[in-house]
Protein chains: 2
Amino acid sequence: MSKTIEFQGVAPRASLGDMVHQQIVEALVSGQFSGGEELNEVSLASQFHVSRTPVREALRRLASEGLVINQRNRQTTVVEMSRRDVIETYEVRRILEASAARLAVEQVEPRQLADLRTLAAAAIPPASSDWGQGERRFDEELHRVIADSCGNRKLQQEIQRYKNLVRFVRSRVARSTQRLAQGHAEHLRILDALERRNGAQAEAEMSAHIASALQCVLEDLPLLGRTP
Amino acid sequence: MSKTIEFQGVAPRASLGDMVHQQIVEALVSGQFSGGEELNEVSLASQFHVSRTPVREALRRLASEGLVINQRNRQTTVVEMSRRDVIETYEVRRILEASAARLAVEQVEPRQLADLRTLAAAAIPPASSDWGQGERRFDEELHRVIADSCGNRKLQQEIQRYKNLVRFVRSRVARSTQRLAQGHAEHLRILDALERRNGAQAEAEMSAHIASALQCVLEDLPLLGRTP
DNA sequence: CGCTTGTGTACTGTATACACTTTGAGGCAG
DNA sequence: CTGCCTCAAAGTGTATACAGTACACAAGCG
C-alpha cells in the first residue's frame with residue numbers, strides 16, 4: 001500500500017489530529033480505501049508528516065463515528081459493511097432525516113426555499129448535458145437546508161454524523177443516471193411539501209426518498225466489503 | 001477540588017483509556033460534577049494513577065458523546081445544558097426510542113415480555129414501600145429490551161449513546177414519587193402495546209412517555225448549569 | 001506428518017519530555 | 001485610576017521512547 005494523502009486546504013487553527021481526521025474521512029468517503037483494509041498508525045503518521053499521537057486521536061474519533069474498527073492491540077481496520085449494516089444505517093438515517101423534514105416545515109425560511117427552487121431548476125433532466133452535476137448540488141443543499149432548519153441542533157448533529165457513513169457507502173456503488181433522475185423527482189416532492197408547510201407530507205416524502213435510495217444501493221451491493 | 005475517583009470493578013482486558021472513560025462517565029451521570037466544571041488532564045491522571053495519554057483519550061471520547069466540551073488549548077469542561085439543550089436531547093431520544101418501539105413489536109420474544117410483566121408486577125404503586133426501586137428496575141429493563149429487540153444494531157447504538165446524556169440530565173433533577181408513579185403507568189401502556197404487537201401504538205406510547213418525562217425534567221430545570 | 005512451543009517481528013498501549021498557547025497578575029506610563 | 005505591556009504560570013498539543021501484546025513462522029516433539 002503506497003497511497004499518498006497530503007494535507008489540502010485546512011482550517012488554520014485546527015489541531016493536527018483534526019486535520020488528519022478530516023483527511024482520512026475524505027479518503028474514506030471518496031472510496032480510496034477498501035473495506036477491511038488495515039490502517040497502520042506509523043505509516044499514516046509518516047504520510048502526514050506528524051507523529052503517531054495525532055494519528056491515534058484521529059483513528060479513535062473515526063471509530064466513534066463508525067467508519068473504522070478499533071480493537072485493542074489490533075490494527076485499526078476500515079469498516080466492512082454487510083448488507084445488513086447498510087440497511088440499518090439507511091434506516092437510522094431515514095428516521096433522523098424524516099423527523100428533521102417534519103420539523104423543518106416550521107422554521108425553514110422562504111428565502112431558502114426560493115434558493116432551492118433555483119437549484120432545482122438548474123437540474124431538470126435531461127435539460128442539459130450536466131444536469132446531473134446540478135442534481136447532485138440540489139441534493140446536497142436540500143438535505144443540508146432541512147437538517148439546518150429543523151430547529152434542533154442535536155438532531156442536526158446526528159444527521160451530520162450519519163452523512164459520512166452514507167457517503168462511505170455511496171462511494172462504493174455507482175449512481176446511475178436513472179437513479180439521479182428518480183432522486184430528482186423525489187427531491188421535488190420533498191421541496192413541494194416544505195413549501196406547503198405540510199410536516200406530515202414532508203416526513204413521508206423524505207422517508208420514501210431514503211427508502212428508495214437504499215433500494216438502489218442494495219442492487220449494487222456485492223461491490224461492498226473487502227476487494228482483494 | 002479534591003474529588004477522589006478510584007477504579008472499581010472493570011473489565012480485565014479494557015485499556016486504561018476505556019477504564020478512565022467509564023469512571024468519568026459514572027461520575028458525570030451520577031452528578032459528581034457540576035456543569036461548566038473544568039476537568040484538568042494532569043489532576044485526573046494523578047487521581048487515576050495513569051499518565052495523561054489515557055486521560056486525553058477518555059476526554060476526547062467523552063466530548064464525542066456530548067458529555068464534555070473540548071476546545072483547543074482550553075481545559076475540557078463538563079457540558080452545561082441549557083433548557084434548549086435538554087429539550088433537544090429529549091426530542092432526539094424520543095425520535096430514536098419511539099422508532100425502536102415500533103420496530104420492536106416485530107422481534108421481541110414472548111419470554112422477554114413475560115419477564116417484563118414480572119418486573120412490572122413488583123412495581124405496582126403503592127403496593128410496597130420499595131415499589132419505587134422496582135419501578136426504576138422495570139423502567140431500565142423496558143427501555144433496554146426495546147432497544148435490544150428493535151432488530152437494528154445501529155439504532156440500538158444511538159439509543160445507548162443518548163442514554164448517558166439522559167442520565168446526566170436526570171442526575172441533576174429530583175425524580176418525585178409522583179413522577180415515578182406516572183412513569184409506571186406509561187410503561188405499562190407501552191408494554192401493553194408490545195404484547196398486542198401493535199407497532200403504531202407502541203411508537204405513540206413511547207413518544208408520549210418521553211414527552212411526559214421531558215415535562216417533568218423541565219419543571220426542575222433551574223437546577224441545571226453551573227452551581228457555584 | 002501434525003501438533004505444540006519457542007521466538008522474532010511488527011504492531012499498539014502508555015509514559016514522559018518538550019513546545020506552544022492562553023491567561024492573569026503586576027508594573028509602568030499616561 | 002486606568003490602560004497597556006511584559007512575563008510567569010498553568011494547561012494543552014505533539015513527539016518520542018519504551019513496554020506489552022498478538023501473530024507468524026520455524027524448530028522440536030510426539
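Chain letters run A, B, ... following the sequence lines, proteins first, then strands; residues in each count from 1. Note that these values count all heavy atoms, side chains included, but never hydrogens, waters or copies made by symmetry.
Rounding to the nearest 0.5 angstrom, the gap separating the CZ atom in Arg72(B) from the CG atom in Asp18(A) is 8.0 Å. With values rounded to the nearest 0.5 angstrom, Leu59(A) atom CG is found 10.5 Å from Thr77(A) atom OG1.
Crowding of Arg137(A) atom CZ: a count of heavy atoms from other residues, nucleotides or ligands under 6.0 Å not exceeding 12.
Both tests pass for Arg172(B) against the ring of Phe168(B): distance under 6.0 Å to the centre and angle within 45° of the axis.
For the pair Glu41(B) CD and dA10(D) C1', the computed distance is 12 Å after rounding to whole Å. Distance, Glu57(A) CD to dT12(C) C1': 16 Å, rounded to whole Å. Rounded to whole angstrom, the span from the CG atom of Leu59(B) across to the C1' atom of dG13(D) amounts to 14 Å. In this entry the distance linking CD of Gln71(B) with P of dG11(D) reads 17 Å, nearest Å. Taking atom CG of residue Leu44(A) and atom C1' of nucleotide dC11(C), one finds them 13 Å apart after rounding to whole Å. Atom C1' of nucleotide dT14(D) and atom CG of Asp18(A) are separated by 13 Å, given to the nearest angstrom. The separation between Gln75(B) atom CD and dA10(D) atom P is 12 Å, rounded to whole Å. If you measure from atom CD of Glu38(B) to atom C1' of dT12(D), you get 12 Å, rounded to the nearest angstrom.
Using modelled atom types and a 3.5 Å distance limit, the side chains of Ser212(B) and Arg179(B) yield a donor-acceptor pair.
Comparing dA15(D), dG13(D), dT14(C) by their nearest atom to the side chain of Arg72(A) picks out dT14(C).
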> Please walk me through it: do Arg144(B) and Glu140(B) pass salt bridge (Lys or Arg N to Asp or Glu O under 4.0 Å)?
Replying inline: CA-CA 6 Å; Arg144(B) 193 190 59 72; Glu140(B) 174 82 15; over 6 Å; no
Protein and nucleotides 16-18 of chain C: nitrogen or oxygen contacts under 3.5 angstrom:
unit_1	atom_1	unit_2	atom_2	d
dT16(C)	O4	Thr53(B)	OG1	3.4

For nucleotides 5-7 of chain D, print each protein N/O atom paired with a nucleotide N/O atom at under 3.5 Å, atom names and distance only.
none

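Regarding contacts with the backbone of dT21(D), every side-chain N or O of Arg74(A) stays at 4.0 angstrom or more from both OP1 and OP2. Remark: Asn40(A) is in phosphate contact with dC11(C), judged by side-chain N or O atoms under 4.0 Å from OP1 or OP2. Taking only side-chain nitrogens and oxygens, Arg60(B) comes nearer than 4.0 Å to OP1 or OP2 of dG13(D).
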Between side-chain atoms of residues 97-108 of chain B and protein atoms elsewhere (two or more places apart, or another chain), which donor-acceptor pairs fall under 3.5 Å?
unit_1	atom_1	unit_2	atom_2	d
Glu97(B)	OE1	His143(B)	ND1	2.7
Glu97(B)	OE2	Arg93(B)	NE	3.1
Ser99(B)	OG	Ile95(B)	O	2.9
Arg102(B)	NE	Glu203(B)	OE1	3.0

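One finds a salt bridge joining Asp85(A) and Arg153(B) here, because a Lys/Arg side-chain nitrogen approaches an Asp/Glu carboxylate oxygen to under 4.0 Å.
Using a 4.5 Å heavy-atom threshold, the side chains of Arg61(B) and Arg61(A) count as separate.
Place Asn73(A) and Ser15(A) on DNA chain D by their nearest nucleotides, and Ser15(A) ends up nearer the 5' end.
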